[in-house]
Protein chains: 2
Amino acid sequence: MHASPLDLVFHALADPTRRDMLRRLSTGERTVGELAEPFAMSLAGASKHIRTLEAAGLVRREVKGRQHLCRLDAARLAQASEWLRFYERFWTERLNVLDALLREDDSKGDTP
Amino acid sequence: MHASPLDLVFHALADPTRRDMLRRLSTGERTVGELAEPFAMSLAGASKHIRTLEAAGLVRREVKGRQHLCRLDAARLAQASEWLRFYERFWTERLNVLDALLREDDSKGDTP
DNA sequence: CATTTGTTCAACCATGTGGTTGAATATCTG
DNA sequence: CAGATATTCAACCACATGGTTGAACAAATG
């Protein structure tokens, strides 16, 4: 497994359960049990999802006694957002028809 | 498969080959063969990646004679970006040192 | 027409993924 | 100490994924 950070982040985000966990972490720290509670899923199952989020660097864990407190770490989300930002012009420039036509012309040559 | 659009988009983005294809599509349309060329991978393999991008709504295909022209469709990227935008405050607030210190104080429980 | 070119399809394979269960490990509490 | 609580670990399962190959199909070309 030589997956890049961006691979791990996007993969972590590609699951609704994990996105839901992140959403709930946005309002404050949660224990593993609290994060798992809303889902019709074993605790071990939810724990795996949290580990995936942790591996992607989206969640930090602080072991506090017998419970593990999880908190959001948004730095990697910022990276993902930055990656997407490159394409921003493709949905904001939508109105600029001239520009689209110019790009069409450019693409006939073969070097990027 | 009852995967939501966001699931499909993030999953499609979680692979470096597919991200690379998108990046190259940002400079103009490409045929399947052109998209596949840079990779040490069979054409059928690359074709599958393109199908994944298409299923996620990130790429549109226009069959033109015997070759299939692919173009970027950024709408779904905009959706993904919007999803991420919710968390923006967590990485822009970072500069607000006072805020960070207040959170720190809360979590300590004892002040020097 | 036969052949080459661009692409997909179908079958297959190894590995990864999301989930389960039952046992193990810590930690708090009486 | 014994027991309850919070969490992980390990083994397992069904299915998806990323890749291969060889054959098939469609369209341009001699």
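Please read these numbers as outputs of a predicted model, since none were measured by experiment. The chains referred to below are lettered A, B, ... by the order of the sequence lines, with proteins before strands, and numbering in each begins at 1.
Between the CD atom of Glu34(A) and the C1' atom of dT5(D) there is a distance of 14 Å, given to the nearest Å. Between the P atom of dC9(D) and the NE2 atom of His68(A) lies a distance of 9 Å, rounded to the nearest Å. Here dT17(C) presents its P atom at 11 Å from CG of Asp7(A), a figure rounded to the nearest Å. The CG-C1' distance, from Leu53(B) to dT17(D), rounds to 14 Å in whole Å. Atom pair Arg19(B):CZ and dG18(D):P shows a separation of 12 Å (rounding to whole Å applied). Spacing between atom CZ of Phe10(B) and atom C1' of dT17(C) amounts to 19 Å, rounded to whole angstrom units. Computed from coordinates, the Asp15(B) CG to dG16(C) P distance equals 14 Å when rounded to whole Å. One can place NZ of Lys64(A) at 22 Å from P of dT5(D), the figure rounded to the nearest angstrom.
Aromatic ring pairs are classed by plane angle as parallel below 30°, tilted from 30° to 60° and perpendicular above 60°; the pair Phe10(B) and Phe10(A) is parallel.
Along DNA chain D, the nucleotide nearest to Leu69(A) and the one nearest to Lys48(A) differ in position, and the one closer to the 5' end is contacted by Leu69(A). Remark on DNA chain C: of its neighbouring residues His11(A) and Gly65(A), the 5'-side contact belongs to His11(A), judged by nearest-heavy-atom nucleotide.
Of all nucleotides listed (dT17(C), dG19(D), dG6(C)), dG6(C) comes nearest to the side chain of Gln67(B). Here the side chain of Ala44(A) is nearest to one of dT21(C), dG19(C), dT7(D), namely dT21(C).
Distances shorter than 4.0 Å separate some side-chain N or O of Arg18(B) from OP1 or OP2 on dG18(D). Contact annotation: Ser47(A) does not reach the phosphate of dT7(D) (side-chain N/O to OP1 or OP2, under 4.0 Å). Within the 4.0 Å cut-off from OP1 or OP2 of dG6(C), not a single side-chain nitrogen or oxygen of Thr31(B) is found.
A salt bridge links Arg85(A) with Glu88(A): at least one charged nitrogen is closer than 4.0 Å to a carboxylate oxygen. Between Asp15(B) and Arg19(B), no side-chain nitrogen of the basic residue sits less than 4.0 Å from a carboxylate oxygen of the acidic one, so the salt-bridge criterion is not met.
When heavy atoms are screened at a 4.0 angstrom cut-off, Gly45(A) is found touching base atoms of the nucleic acid.
Between the side chain of Arg66(A) and the base of dT7(D), no donor-acceptor pair under 3.5 Å is found.
Screening Glu29(A), Arg24(A), Arg30(A) against Thr27(A) for a side-chain hydrogen bond (donor to acceptor under 3.5 Å, both in side chains) leaves a single residue, Arg30(A).
At a threshold of 4.5 Å between non-hydrogen side-chain atoms, the residues Leu13(A) and Trp83(B) count as touching.
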